[in-house]
Amino acid sequence: MEREPTEFESSVYEALCRVPAGKVVTYKILGDAIGCGSGRAIGNAMRNNPYAPEVPCHRVILSNHKIGGFMGDVIGDKIEKKRDLLEKEGVNFDDEGNLLDANCLLASVPSE
DNA sequence: GCGCTTATCGCAC
DNA sequence: GTGCGATAAGCGC
């Protein structure tokens with residue numbers, strides 16, 4: 001259920017908001033941006049995701065350039081839908097949900 | 001190169 | 001204090 005995001009989770013959303021459209025970041029990169037060494041903690045915030053349409057959680061992928069999950073579903077039809085959405089932004093994924101253009105992957109989250 | 005297991009971090013119960 | 005989660009990295013084969 002939608003729990004109130006803690007300061008840590010807010011940092012995740014904030015860092016994610018710094019990611020420009022057409023670009024994606026991995027849990028590791030996002031975690032490094034906020035000072036977290038575990039992607040699971042990031043996934044916790046994403047899973048909570050009270051700002052689903054506001055926070056581009058679909059711009060966050062696994063370290064292996066994979067989409068991973070979306071909107072609570074680790075893998076499902078939602079992924080295909082978001083995959084197409086990302087393609088519209090300039091991020092292309094294959095049928096397996098893998099990132100085709102690694103160029104779209106941000107090396108790190110831009111600081112303010 | 002691919003697959004499985006362990007480790008890690010934060011949050012909720 | 002224990003368990004869960006949208007992962008990451010390491011080790012083995």
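Letters A, B, ... are given to chains in the order of the sequence lines, protein chains preceding strands, and every chain is numbered from 1.
Rounded to whole angstrom, the span from the CD1 atom of A:I29 across to the P atom of C:dA8 amounts to 9 Å. A:I34 places its CD1 atom 10 Å from the C1' atom of B:dC9, with the value rounded to the nearest Å. Atom P of nucleotide B:dG1 and atom CG of A:N64 are separated by 15 Å, given to the nearest angstrom. Rounded to a whole Å, the CG atom of A:N44 is 16 Å from the P atom of C:dG3. We find that CG of A:N48 is positioned 14 Å from C1' of C:dC4, with the value rounded to whole Å. Rounded to a whole Å, the NZ atom of A:K66 is 15 Å from the C1' atom of C:dA8. Rounded to whole Å, atom C1' of B:dA12 lies 16 Å from atom CZ of A:F8. One atom, CD of A:E4, and another, C1' of B:dG10, lie 17 Å apart when rounded to the nearest Å.
When Watson-Crick and G-U wobble pairs are counted only if both distances are under 3.5 Å, B:dC2 pairs with C:dG12. For B:dT8, there is no paired base (Watson-Crick or G-U wobble, both distances below 3.5 Å).
Checking A:E9 against A:N48 by side-chain atom types alone, a donor-acceptor pair falls below 3.5 Å.
Side-chain proximity of A:K28 to B:dG10, C:dA6, C:dA9: nearest is C:dA9. If you check C:dA6, C:dA8, B:dG10 against the side chain of A:C36, the one that comes closest is B:dG10. Candidate nucleotides B:dC9, C:dA8, B:dC11 were compared by shortest atom distance to the side chain of A:R3, and B:dC11 ranks first. The side chain of A:E9 approaches B:dC11 more closely than any other nucleotide in the set B:dG10, C:dA8, B:dC11. Closest contact between the side chain of A:S63 and the listed nucleotides C:dG5, C:dA6, C:dA8 involves C:dA8.
Taking the side chain as every heavy atom from C-beta outward, A:L105 and A:L99 approach each other to under 4.5 Å.
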**OP:** Check step by step if salt bridge (charged side-chain N to carboxylate O under 4.0 Å, His left out) holds for A:E89 and A:K23.
**Re:** CA-CA 8 Å; A:E89 298 202 357; A:K23 295 285 180 178; over 6 Å; no

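Backbone-only engagement by A:G39 is indicated by non-hydrogen atom pairs under 4.0 Å involving sugar-phosphate atoms exclusively. Within 4.0 Å of A:D73, counting heavy atoms only, lies no atom of the nucleic acid at all.
Among A:L100, A:I79, A:D84, A:L86, the single residue meeting the side-chain contact (heavy atoms from CB on, under 4.5 Å) criterion with A:F93 is A:L86.
Interatomic distance, CG of A:N44 versus CZ of A:R47, reported as 8.0 Å (0.5 Å rounding).
One cannot find a donor-acceptor pair under 3.5 Å joining the base of C:dA8 and the side-chain atoms of A:Y27.
A:S38 has no side-chain polar atom (N or O) that falls below the 4.0 Å cut-off from OP1 or OP2 of C:dA8. Contact check, A:T6 against B:dG10: no side-chain N or O comes under 4.0 Å of OP1 or OP2.
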